[in-house]
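Below is one structure; the comments refer to it alone.
Source: prediction; values computed, not measured. The sequence lines fix the lettering, A, B, ..., with proteins before strands; numbering per chain opens at 1.
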There are 2 protein chains.
Amino acid sequence: MSDLQTPFYQIDLAKLRVNMERIQYLRERSGAKCLLALKCFATWSAFDFMRPFMDGTTSSSLFELRLGHEEFGGETHAYSVAWADHEIDEALGYADKIIFNSLGQLDRFGAKAAERDITMGLRLNPRFSTSGFDLADPARPFSRLGEWDLSRLESALDRISGVMIHYNCENGDFDLFDQQLTRIENEFGSFLEKLDWVSLGGGIHFTGEGYPLDKLADRLKAFQAKFGVQLFLEPGEASITKSSSLEVTVLDVIHNGKDVAIVDSSIEAHMLDLLIYRETAKLPQDGDHAYQIAGKTCLAGDIFGEGHFPAPLQIGDRISIADAAGYTMVKKNWFNGVAMPAIVIKDEDGTIREIRRFSYDDYKSSLS
Amino acid sequence: MSDLQTPFYQIDLAKLRVNMERIQYLRERSGAKCLLALKCFATWSAFDFMRPFMDGTTSSSLFELRLGHEEFGGETHAYSVAWADHEIDEALGYADKIIFNSLGQLDRFGAKAAERDITMGLRLNPRFSTSGFDLADPARPFSRLGEWDLSRLESALDRISGVMIHYNCENGDFDLFDQQLTRIENEFGSFLEKLDWVSLGGGIHFTGEGYPLDKLADRLKAFQAKFGVQLFLEPGEASITKSSSLEVTVLDVIHNGKDVAIVDSSIEAHMLDLLIYRETAKLPQDGDHAYQIAGKTCLAGDIFGEGHFPAPLQIGDRISIADAAGYTMVKKNWFNGVAMPAIVIKDEDGTIREIRRFSYDDYKSSLS
């Protein structure tokens, strides 16, 4: 264990390699291309390590697009729920493909993309998804995410050569994936066969332990053959799952009907999705000593969850919160002015490199 | 209306003055002191304007404490749910008072504070609150926020001269405040009369329209007289309520069973509490044309709420989202890499000053 000042996020390249090799295997067996979804993970110091295993990046804004183009390279997909007039020229300078969210956006910006020979696509919303959270469900009623009317989609065929269909969310169930892909084939097949490429978006948890990777690869390969398209996947969480931790230190232990350890971090500031989705962190569960692990902000509900430890916790003890790479660093913020976790890379030879430490000046300049 | 590039937060000093004058009136009539709660609002370019009306700041971390000390001045209260060993010396260099969250923290750091003649206090948790949200309720079961056992509190009397009791949350009901303060008097009176000062924390919405400010002032004055203490209030939202807006622009309008306008902002990135507490933004409600106003991130539920407008919305239209100062700028983040709102001050003479614009380099350096 390093003695760096906590809190810090630690990206473990040996663990990241496991995901990368699964992604590479899937690409080779299926012929599908895999693009890192920067909205989930954009810690660019890890890109040199990830680049050989993936085809490029996909993005959800101009800044992500530029980061992917400049720091990752390879194929660079540009998607945004809505581009602004003042962004589009710059965006087209970075993009290999631009995927518009609506026919209206295609109408507004398609001519500019055509002038520069940028491949265009639309987001297709199949009106179903695997999301268990209404908040994160792109098929929720009145969803603004993509087009679903076949006549509208077909009206764009003179300009687009592909679609992006993002409808999975942490889906680790291959059979469900298979069924839903069949549903897409049945409902949209006549349209898909007129395209050159289809992106199935992210949210397929195919790097998880025990996932039937061969079945997925074969299913993707068959889809490509059936419709004559190049498939893309956009793994976010699947790219970095289980690769990283948030390292924190116990600052106080209190006993108020429950044993509570207060640590030098915060769910709201450093692992925001735990708060948004009312979930609990992956804490140590080894031992007879139970503690609620809580953050140090003023928020009463700033609680990581319950952990179990082999001995009573003491002030100064380090706790490692697992699986802390996805949607964490990209959403961290200065709530309560709590010290922002440094970012650390653990190389495969065990070397620990601190690649970013945040200071008071960073806090102060986050405001003005 | 300025033609600055949206999105931006706009702090209107003429509106801010209304709150400041109410705070000043309360201070003068009651004798209570008022400290700005930086966890809610810490945009330090506004501090020159606010300083004459308030006594200083209170904080929830080392960084907030330093900001208050260096940029606001006056009385500087230092509170943190838990101080780290490596922070305490620096913290004591900025603090006029240090308020420990637990007896354990007082035991750990009290001697250091005493050496430097820093006034000490404890957080007292009365085990009730006005919060309607479990998440934000400091009196929730197993709350880690403060001490409530009278014998434990009394055991600290050789070291502390006051307490902080934060139990209100957006409480605009004076009668409820009065009842709960009476309950505190009844339950903790014998202890309070041994103290020199009591902070009642924040969450009293006394700058709101129609709030009986005189009654509050008289009630606070009577409390001070009864127990022989100096009272403090720590207004956060009450300091800046209704002073600021988030200015956004319509990027796309879609019709999917509902008319939806997509704007160049995001609740998750720029007004996070709307997402955390599942609330809706204060949107224009004047006119017959109804729209759902949605953000531009990938989050399906990135929805500000429903607005009404005098004419159909067009791409390029500006929308002003009201009441956007509290818990917004201090929590903004780079989710989806969406352009972060600039921060703008509107002077009382109408001059618009852009005091911070965030760039791609800010986004990139938020990671590494």
Side-chain angles (χ1 to χ4, degrees), chain A residues 5 38-39 42-45 60-61 63-64 66-67 80-84 86 102 104-105 134-138 140 142-145 251-252 254 256-258 260 262 264 275-276 292 294 296-301 329-339 343 355-356 360 363-364 367-368, chain B residues 5 38-39 42-45 60-61 63-64 66-67 80-84 86 102 104-105 134-138 140 142-145 251-252 254 256-258 260 262 264 275-276 292 294 296-301 329-339 343 355-356 360 363-364 367-368:
Chain A
Q5 180 62 58
L38 297 175
K39 66 184 175 184
T43 307
W44 40 272
S45 294
S60 48
S61 67
F63 286 174
E64 285 186 359
R66 179 172 169 187
L67 187 75
S80 172
V81 169
W83 299 100
H86 69 91
S102 71
Q105 286 257 305
D134 187 51
L135 254 183
D137 181 5
R140 66 189 261 151
F142 315 120
S143 169
R144 73 202 190 295
L145 300 171
L251 299 182
D252 197 10
I254 61 173
N256 58 6
K258 202 173 245 190
V260 179
I262 297 169
D264 55 358
L275 179 55
I276 292 175
Q292 181 183 84
K296 60 166 281 183
T297 70
C298 63
L299 182 75
M329 288 171 259
V330 293
K331 295 187 181 190
K332 64 188 161 35
N333 62 74
W334 286 107
F335 178 53
N336 267 213
V338 173
I343 302 176
I355 55 173
R356 180 79 163 94
Y360 173 74
Y363 164 66
K364 189 175 174 189
L367 295 162
S368 71
Chain B
Q5 181 62 58
L38 296 175
K39 66 185 175 182
T43 308
W44 41 273
S45 294
S60 48
S61 67
F63 287 174
E64 284 187 358
R66 178 172 170 188
L67 188 75
S80 172
V81 170
W83 299 102
H86 69 91
S102 71
Q105 285 257 304
D134 187 52
L135 254 183
D137 181 4
R140 64 189 264 151
F142 316 120
S143 171
R144 75 206 190 293
L145 300 172
L251 299 181
D252 197 9
I254 60 172
N256 58 6
K258 203 174 245 189
V260 178
I262 298 169
D264 54 358
L275 179 56
I276 291 175
Q292 181 183 84
K296 60 166 282 182
T297 70
C298 64
L299 182 74
M329 287 170 260
V330 294
K331 296 186 180 190
K332 64 190 161 36
N333 62 75
W334 286 106
F335 177 53
N336 266 214
V338 173
I343 302 176
I355 55 174
R356 181 80 162 95
Y360 172 74
Y363 164 67
K364 190 175 174 189
L367 296 162
S368 69

Under a 4.5 Å heavy-atom cut-off, does chain B meet the side chain of [X], its backbone, both or neither?
| X | answer |
| --- | --- |
| A/I262 | side chain |
| A/I254 | side chain |
| A/S45 | both |
| A/N336 | both |

Between [options], the one whose heavy-atom pairs under 4.5 Å with chain A are most numerous:
| options | result |
| --- | --- |
| B/A82, B/A300, B/A136 | B/A300 |
| B/L145, B/L67, B/L275, B/D137 | B/L67 |
| B/A339, B/P138, B/S102 | B/S102 |
| B/Q105, B/E64, B/K39 | B/E64 |
| B/K258, B/K332, B/M329, B/K331 | B/K331 |

Which atoms of [X] come close to chain A, meaning under 4.5 Å heavy atom to heavy atom: side chain ones, backbone ones, both, or neither?
| X | result |
| --- | --- |
| B/R140 | side chain |
| B/S80 | side chain |
| B/I343 | side chain |

**Q.** Minimum heavy-atom distance between B/G337 and B/Y363, given as atom pair plus value
**A.**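 Scanning both residues completely, I find the closest heavy atoms to be CA-CE1, 3.8 Å.
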
**Q.** Taking every non-hydrogen atom, the tightest pair across B/D264 and B/K296
**A.**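 Where B/D264 meets B/K296 most closely, the heavy atoms are CA-CD, 3.8 Å.
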
Q | Plane angle bin for B/F63 and A/Y360 - parallel if under 30°, tilted between 30 and 60°, otherwise perpendicular | A |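 A/Y360 and B/F63: perpendicular rings.
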
Q. Just wondering, do A/I276 and B/L299 contact through their side chains at under 4.5 Å, heavy atoms?
A.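 With C-beta onward as the side chain, the pair stays apart.
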
Considering only heavy atoms and a distance below 4.5 Å, find which of [options] pairs most often with chain B.
| options | result |
| --- | --- |
| A/I355, A/V338, A/L38 | A/I355 |
| A/V260, A/L135, A/N333, A/D134 | A/L135 |
| A/Q292, A/R66, A/H86 | A/R66 |

